[in-house]
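Some notes on the structure that comes next.
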Amino acid sequence: MSCDFSLGHYRELLAAAETGGYRWASFDVQPRPGDLYLRHDVDLSLEAALELARVEHELGVRATYFLMTESAFYNLDSHVGRETLVQLRQWGHAVGLHAVHPRAELDDRFDNVIAWHNPDPGYVSEPVPGAVNVMEPPFFTQGLYRSDSNRHWREGCPHDDLAAGAFEWLQLLIHPEIWVYEGATMRETMESMLDAKRRESLDYLAADRIDLS
Ligand SMILES: [Zn+2]
Ligand SMILES: [Zn+2]
């Protein structure tokens with residue numbers, strides 16, 4: 001098994017979690033042995049989020065998608081944004097707010113759960129009034145958290161440990177863009193994403209009846 005950042009290996013990761021006997025959990029329930037909190041911070045691309053969500057839906061996997069309301073890269077109030085919210089819910093996923101500190105402004109699009117975007121250590125684990133902060137205890141517990149940030153697993157790809165049931169429970173943070181777009185480095189993956197966004201933008205221009213002849 002090669003630990004690349006591809007949809008193929010993502011499917012293998014999910015299969016490993018099934019082999020290990022884990023249960024797909026959401027942040028409205030405190031961790032129990034065997035729980036797997038599959039968390040997606042959507043920083044850059046709703047299209048990537050939808051693609052990952054489709055794969056999970058096919059496999060019967062339930063995740064929590066954290067979406068931004070103040071991203072420079074997508075607009076949750078756009079046509080695509082509203083459709084993404086509907087589709088994620090239809091596939092059974094939970095949706096939380098990927099908030100930019102200090103604004104944790106939840107509305108009825110979101111469950112009462114937030115994940116801070118690029119948090120500083122000073123507030124990352126502090127309680128948030130009226131919401132679950134995914135990085136507060138017990139949801140964040142040393143040794144029971146893995147993240148793929150910038151294509152770098154600090155403690156290695158977790159597929160072996162998942163298959164072996166080695167974690168009592170786990171919060172697993174996966175950024176959809178890293179797995180959906182192709183590339184051998186973060187730079188190449190981002191270039192692939194930007195190529196896709198360029199094609200999408202051309203489609204939006206055509207839909208807006210811009211003369212592209
Ligand atoms: Zn792996
Ligand atoms: Zn983020």
Side-chain angles (χ1 to χ4, degrees), residues 1-20 22 27 36-49 52-53 55-56 59 61 63-76 81 84 88 93-106 110 113-126 128 131-136 139-140 145-167 170-184 186 189-190 193 197:
M1 203 180 288
S2 100
C3 290
D4 55 3
F5 291 89
S6 66
L7 285 177
H9 192 48
Y10 187 62
R11 287 174 181 273
E12 289 171 339
L13 258 184
L14 298 178
E18 297 278 2
T19 302
Y22 289 97
F27 292 96
L36 178 46
Y37 296 90
L38 181 57
R39 163 184 164 199
H40 299 305
D41 288 3
V42 181
D43 292 326
L44 302 170
S45 167
L46 294 172
E47 290 79 4
L52 212 66
V55 168
E56 290 161 350
L59 298 172
V61 170
T64 304
Y65 283 80
F66 290 89
L67 304 181
M68 303 184 75
T69 55
E70 42 188 302
S71 167
F73 292 92
Y74 63 82
N75 178 3
L76 206 51
T84 299
L88 290 174
H93 298 300
V95 178
L97 175 64
H98 197 34
V100 177
H101 193 78
R103 293 174 295 284
E105 290 158 15
L106 290 161
F110 306 103
V113 56
I114 71 124
W116 294 117
H117 175 61
N118 290 345
D120 289 336
Y123 59 80
V124 62
S125 297
E126 291 297 306
V128 173
V132 168
N133 171 5
V134 295
M135 294 302 276
E136 72 185 321
F139 294 105
F140 178 80
Y145 173 82
R146 294 289 178 94
S147 165
D148 66 353
S149 293
N150 268 307
R151 300 171 57 112
H152 178 65
W153 299 106
R154 278 188 205 170
E155 294 150 278
C157 177
H159 76 254
D160 278 336
D161 285 342
L162 282 171
F167 304 104
L170 185 70
Q171 179 181 158
L172 179 60
L173 170 55
I174 297 282
H175 293 82
E177 301 88 357
I178 292 178
W179 300 77
V180 167
Y181 298 112
E182 290 182 10
M186 196 64 192
T189 302
M190 292 296 94
M193 181 188 75
K197 283 185 180 286

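When a residue number appears, it is its place in the shown sequence, counting from 1. One-based numbering, in listed order, for ligands and for the atoms of each.
- At most 12 heavy atoms of other shown residues, nucleotides or ligands fall within 6.0 angstrom of atom CZ in Arg154.
- The Zn ion (ligand 2) lies closest to atom OD1 when only the N/O/S atoms of Asp43 are considered.
- Taking the Zn ion (ligand 1) as the apex, the angle formed with SG of Cys157 and ND1 of His159 is 110°, to the nearest 10 degrees.
- Angle ND1 (His117) to the Zn ion (ligand 2) to NE2 (His98): 100°, rounded to 10°.
- Residues Ile114 and Ala131 approach most closely at CG2-CB, 4.2 Å, considering heavy atoms.
- Annotation: Glu182, atom CD; neighbour count of heavy atoms from other residues, nucleotides and ligands within 6.0 Å does not exceed 12.
- Arg151 places a side-chain N or O within donor-acceptor distance of the main-chain N or O of Ala184, the cut-off being under 3.5 Å.
- The Zn ion (ligand 1) is the vertex of the angle joining NE2 of His9 and SG of Cys3, which measures 110° to the nearest 10°.
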